[in-house]
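Heavy-atom basis, side chains included; hydrogens, waters and symmetry copies ignored.
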Amino acid sequence: MIEGSQNAATESVGPSKTQHFPEHTPDPVTSSALPADELAREQALAQALVEEKDSESRTRHYSGPWAYIISLMALAFSLFQLAASTFWTLDAITLRAIHILFLLTLSFLLYPALRRERRQRRAPTLYDALCICAGVFSFGYLILNYTNITLRGGWFEPIDYVVASVGLVICFEMARRVVGNLAALALVFLAYNFFGYLIPGAFGHPGYSWNRVVEHMFWGSQGLLGVGVGVSATYIFLFVLFGAFLKYSGFSDFINDLALTLVGRTAGGPAKVSVIASALMGMINGSALANVATTGAITIPLMKKTGYKAEFAGAVEAVASTGGQFAPPIMGAVGFIMAEFLGVPYTTVMLAAAIPAFLYYFTLLMAVHFEARKLGLKGLSKENIPNAAKVLKERGHLLLPLIALMALLFMGYTPLFAAALSIAVTVVASWLSPRTRMTPAIILKAMEEGARGAVGVGAACVIIGVIIGTVSLTGLGLTFGYEILKFVGKDQMYIGGLFVMIMSTILGMGVPGVAAYVIVAAVAVPVLTGVGVQPLAAHMFCLFYACLSNITPPVAMSSYVAAGIARSNETKTSLIAMRLGLTGFILPFFFLNNPLLLYAPGHSGIATIWAFITATFGVSALAAGLEGWLFTRCNPVMRLMLLAAAFLAIDPGLLTDAVGLGLICIVCVWNWYVSRAQTSSNGVMS
């Protein structure tokens, strides 16, 4: 498989022929740790692996006039979204319909109709043109006639059903090209509308006619034009665009170098760099696979060179990249959808995710530290570490956009205003140094890439409208929740949580993070709230497991891409990733009935801080117990005590905290004395 991927990389990866603006690539100091030719090979392999696993990454490369035409379309998309989010007032339906029109057009131009299709092209196909015309016909008709149909009181003429049918079919074709797995899942939900009468029991229903279904999906507010595309047309697009501007300002290289200066020379430094860099980049781009490919191409080879096993190196990158989807302040844009569902300010969601995200990454840092100590690994040599003062002096100003974003959010400004202003701050901040200055050509390139990057997640948001529409039309969510509650009982919170965990992980497999969360929230949140879980905790519970499906076999997409880069066994890499990410799997259960670890309104700040401190000790004990190392190797009894202490310390409660911290102290003293004895024994023997 690796050999084939390398060949694919040679054929299709490299500077895109559609890139007419000069690339802005500040000299990455991190590259000095790898020879330039080796780094290029690793990046090409990473891109090929992502394209193999993820349909969103398989795009065409145009040459000739059509390359310029598509670039102009992408720029127009970005300009429209910026205008609609700042000074141009549009009603919600018109904004969403125009957003879908842009998504349809770019999807049919950029994404091949068939996987085996030649990707280097001079022009789109006739079939692409027909699909674009169908999209313009259906959604153009909607934009021109939606008000008239509303004034009719919802009475539809035959042409309205024809338009709706064309629009629904063409959206499925877009989703098939861009997010194949999700399109197949949406098709199953669509079929449920028609064939529910064949299903016995509570999940059966009389079935609906084609006209009733397409009316609900196309003309209704809970189908294609529902909350999914609504968030895509506002928050998601702007934050994807913000991420593109950060990239072209040199922010990603700055983050890598800053992480190297902080932890590069410590034991297992490259793994810690991977954790920090992937966390910071993952929360911005929201794509675990893209994060694995970009940062993993550098960090995984470095980890292997330092002495980590290939499976462990791949697992570290997969776990670190996956967690970015629930890491504040951006949370890969998922947090904005959660805020919409809950009807709360985004800062509430951001604060709620802060402690769980920190504990997730702190566990991973401690795990790689203990693994490095166990293997006797050192950090990178001094010549491969950039000077911290120099990095901050030359590129420290690149932190200003993130600082501005967080300040604006906490000052009460809307996320849309905060994102738009932060994009402007990014440009201005880049001008503070000649090395990072964004020229007009680079700004245009960032706008183009932002639009291209929004197509994949936008297509996913459109097609999940079919899933949400099915849930609302058939009452599937309420029925599912009622049946689960009837089975587990209203007082069985943890059993209900177990069912939701399994369902969330399955529904999230092979699906983009935003779409996975929306699907899971629509079906599973009623189950959790039905057993007494607070709504914020229920949504956060679903988010964690939907995201962690990226490292959960058998469809552990992040783990498989990381394994390809590491040239390791996919199954072993996935299992190690689950071990390293264990905090993410167990933590949601602790805030089901006591959401102290979610800094939510109504809870004591002091109690939350205490719960956070004890949980930090708990996850450290969890990492030590799983790795079997503290000051020296832990025997089985020590490991069991550490694992028991971890669960007790993570659980918010004075008694459990006291017992858990006591056990941790006992094991630390015991292990320290064993370490001292071994040191003395080795000294005598030598």
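Among all heavy-atom pairs drawn from Pro329 and Leu402, the shortest one is CG-CD2, 4.5 Å. When all heavy atoms are compared, the tightest approach of Thr573 to Ser568 is OG1-OG, 2.8 Å. In this structure, Leu409 and Pro415 approach most closely via the heavy-atom pair CD2-CA, 3.8 Å. When all heavy atoms of Arg639 and Gly625 are compared, the closest pair comes out as NE-O, 2.8 Å. Shown here for Gly584 and Phe544, the closest heavy-atom pair between the two residues is O-CD2, 3.6 Å. Residues Ala611 and Pro652 come closest through the heavy atom pair CB-CB, 4.3 Å.
For the atom pair CD1 of Ile463 and CZ of Phe189, the computed distance is 12.0 Å after rounding to the nearest 0.5 Å. Rounding to the nearest 0.5 angstrom, the gap separating the OG1 atom in Thr348 from the CG atom in Leu342 is 9.0 Å. Here the CZ atom belonging to Phe326 is positioned 6.5 Å from the SG atom belonging to Cys547, to the nearest 0.5 angstrom. Atom CE of Met366 sits about 8.0 Å away from atom CG of Leu630, to the nearest 0.5 Å. We find the CD1-CG distance between Ile468 and Leu224 to be 10.5 Å, quoted to the nearest 0.5 Å. To the nearest 0.5 Å, atoms CD1 (Ile609) and CG (Leu596) are separated by 11.5 Å.
With contacts defined as side-chain heavy-atom distances shorter than 4.5 Å, the pair Phe499/Val527 does not qualify. The closest side-chain heavy-atom distance from Phe585 to Ile551 is below 4.5 Å. Ile330 places a side-chain heavy atom less than 4.5 Å from the side chain of Leu405. When side chains are defined from C-beta on, Met493 counts as touching Val533, because their heavy atoms get closer than 4.5 Å. When side chains are defined from C-beta on, Leu622 counts as touching Leu643, because their heavy atoms get closer than 4.5 Å. Within the 4.5 Å cutoff, the side chain of Leu587 has no heavy atoms near those of the Tyr360 side chain. The side-chain heavy atoms of Pro535 and Val525, taken from C-beta on, include no pair separated by under 4.5 Å. Proximity of Leu598 to Ile355: side-chain heavy atoms (C-beta onward) are nowhere separated by under 4.5 Å.
Side-chain N or O atoms of Tyr208 include one that pairs as donor or acceptor with a backbone N or O of Leu473 at under 3.5 Å. Side-chain atoms of Arg96 come within 3.5 Å of backbone atoms of Leu225 as a donor-acceptor pair (strictly under, hydrogens ignored). For Thr529 (side chain) and Pro526 (main-chain N/O), a donor-acceptor pair under 3.5 Å exists by modelled atom type. Using a distance-only test at 3.5 Å, with no hydrogens or angles considered, no donor-acceptor pair links the side chain of Glu317 to the main chain of Gly314. Under a 3.5 Å cut-off, the side chain of Ser232 and the backbone N or O of Gly228 do not form any donor-acceptor pair. Judged purely by atom type and a 3.5 angstrom limit, Ser504 has no side-chain atom pairing as donor or acceptor with the backbone of Met501.
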Side chain to side chain donor-acceptor pair (under 3.5 Å) evaluation trace for His216 with Ser472: CA-CA 10 Å; His216 184 78; Ser472 63; 3.0 Å; yes
Could you go step by step and tell me if Tyr235 and Glu340 meet the side chain to side chain donor-acceptor pair (under 3.5 Å) rule? CA-CA 11 Å; Tyr235 305 120; Glu340 288 283 318; 3.1 Å; yes
Pair Asp651, Leu648 - check side-chain contact (heavy atoms from CB on, under 4.5 Å), show working. CA-CA 5 Å; Asp651 184 29; Leu648 290 168; 6.0 Å; no
Let me see the working for Trp629 and His369 under side-chain contact (heavy atoms from CB on, under 4.5 Å), right down to the final yes or no. CA-CA 10 Å; Trp629 191 271; His369 176 76; over 6 Å; no
For the pair Tyr346 and Met331, evaluate side-chain contact (heavy atoms from CB on, under 4.5 Å) and give the outcome as yes or no after the intermediate values. CA-CA 11 Å; Tyr346 173 66; Met331 298 174 66; 3.9 Å; yes
Chi angles and distances behind the side-chain contact (heavy atoms from CB on, under 4.5 Å) call for Phe336, Ile236: CA-CA 8 Å; Phe336 302 110; Ile236 291 178; 5.8 Å; no
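The local environment of OH in Tyr413 is sparse, with at most 12 non-hydrogen atoms from other residues, nucleotides or ligands closer than 6.0 Å. The local environment of CZ in Arg373 is sparse, with at most 12 non-hydrogen atoms from other residues, nucleotides or ligands closer than 6.0 Å. At most 12 non-hydrogen atoms from other residues, nucleotides or ligands lie less than 6.0 angstrom from CG of Leu654. Taking a 6.0 Å sphere around CZ of Phe617, one finds it holds 12 or fewer heavy atoms contributed by other residues, nucleotides or ligands. Enclosure of atom NZ in Lys374 by more than 12 non-hydrogen atoms of other residues, nucleotides or ligands within 6.0 angstrom is indicated. Annotation: Trp670, atom CH2; neighbour count of heavy atoms from other residues, nucleotides and ligands within 6.0 Å is above 12.
Screening Asn635, Ile666, Ile664 for a side-chain contact (heavy atoms from CB on, under 4.5 Å) with Met641, the sole residue that qualifies is Ile666.
Remark: Tyr545 pairs with no residue by the side-chain hydrogen bond (donor to acceptor under 3.5 Å, both in side chains) rule, at least two apart or across chains.
Taking the six-membered ring for Trp and thresholds of 30 and 60 degrees, His539 and Phe341 have ring planes inclined between 30 and 60 degrees apart.
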